**Student:** 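Structure incoming, see below.
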Amino acid sequence: MTVRAVLGIRRWRHNPLCRPTDRHEARVALVALLLMLVAAPALGRLCGGLTDDALQRGVRTQHAQRHLTTAVVVREPSGASRFAQDPESAVAAGTTRTSVVARWKAPDGTARTGQVATASRTTAPGARIRIWTDAAGSAAMRPMDPSTARTHAVLAGIGVTLLAAGLLETARRLVVWRMMQRRYIRLDEAWAETGPDWGRTGTGS
């Protein structure tokens, strides 16, 4: 509807049947279209850039605070099941992660034992697996990759662009609806002033 109204602006400008309200509606449509094509993508790009900056800082922090270490499988936990402790890495790798009880050493040399998730196919007691730990030595999820963070930022930017475009279209429809309501009010007032006087005295009825 917006594009159709914009394309008709040149034709309406010199049309003797064109009402002022028609030109106003076309101008509103043109402004809305320009905002959708320029302002909405710019806002999405800005939000995407800010999101990417924030996520990349988080990625750098995670990589600085988390460490890859070797753990030894002790046993499978009671009621063990295959699950993804780190959904993002599991989906990216296309693998299912298995829950096991393992033993490892913290950065300060103290022994730690706990339940961790691993993508290794060898999970028998005594098997060595690679796990991520935080600065305190506790088991932690794998840090986010920069490419994953950038993908999230791009999706956020696209979402903001679509949301802004939707809000602009909604605002355009509300403005046009209000203009139509005012047009109907003026038509009713004009009809009340100059309408036929059927049945009045002197009309011959």
Side-chain angles (χ1 to χ4, degrees), residues 1-63 83-94 141-205:
M1 182 176 180
T2 301
V3 177
R4 185 169 62 252
V6 171
L7 293 177
I9 290 179
R10 293 176 60 88
R11 176 170 51 84
W12 292 349
R13 288 181 60 186
H14 305 292
N15 191 334
L17 299 179
C18 179
R19 298 164 296 187
T21 54
D22 294 330
R23 285 189 285 268
H24 295 333
E25 291 178 11
R27 293 190 184 99
V28 170
L30 177 60
V31 171
L33 180 61
L34 291 176
L35 290 176
M36 289 181 190
L37 295 178
V38 179
L43 182 61
R45 190 178 299 107
L46 175 62
C47 292
L50 294 176
T51 301
D52 184 59
D53 291 341
L55 289 178
Q56 294 299 336
R57 287 196 298 270
V59 167
R60 290 191 292 270
T61 300
Q62 289 180 4
H63 279 271
F83 72 103
Q85 181 183 6
D86 184 359
E88 290 181 356
S89 60
V91 171
M141 291 192 302
R142 176 181 177 177
M144 183 183 296
D145 294 327
S147 59
T148 302
R150 187 166 295 106
T151 299
H152 289 332
V154 170
L155 293 177
I158 293 174
V160 170
T161 300
L162 296 177
L163 178 60
L167 292 175
L168 287 170
E169 176 61 15
T170 301
R172 185 196 68 81
R173 290 177 179 269
L174 289 175
V175 171
V176 172
W177 175 81
R178 180 57 181 168
M179 294 172 65
M180 292 180 61
Q181 294 298 315
R182 295 178 60 183
R183 179 194 301 171
Y184 294 149
I185 291 174
R186 287 195 296 269
L187 287 174
D188 291 339
E189 293 175 348
W191 178 258
E193 293 177 358
T194 62
D197 57 350
W198 297 315
R200 294 185 184 178
T201 304
T203 61
S205 58

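Treat the numbers as computed from the prediction; the structure is a model and nothing was measured.
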**Student:** Shortest non-hydrogen contact from M144 to V59?
**Tutor:**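 Result for this residue pair: O-CG1, 3.3 Å.
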**Student:** Quick one: CG on L155 to NE2 on H152, what's the gap to the nearest 0.5 Å?
**Tutor:** 7.5 Å
**Student:** Does M180 form a side-chain contact (heavy atoms from CB on, under 4.5 Å) with V176? I'd like the steps, not just the answer.
**Tutor:** CA-CA 6 Å; M180 292 180 61; V176 172; 4.2 Å; yes
**Student:** Within this structure, what is the CG-CD1 distance for the pair L163 and I158, rounded to the nearest 0.5 Å?
**Tutor:**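 L163 atom CG to I158 atom CD1 measures 13.5 Å (nearest 0.5 Å).
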**Student:** How far does CG of L55 sit from CD of Q62, to the nearest 0.5 angstrom?
**Tutor:** 9.5 Å
**Student:** Please tabulate, one pair per line, all N/O donor-acceptor pairs under 3.5 Å involving side-chain atoms of residues 31-53, not counting sequence neighbours.
**Tutor:**
{"residue": "T51", "atom": "OG1", "partner": "C47", "partner atom": "O", "Å": "2.8"}
{"residue": "D52", "atom": "OD1", "partner": "Q56", "partner atom": "NE2", "Å": "3.2"}

**Student:** Say whether, by atom type as modelled, one donor and one acceptor occur between the side chain of H63 and the main chain of D145 under 3.5 angstrom.
**Tutor:** no
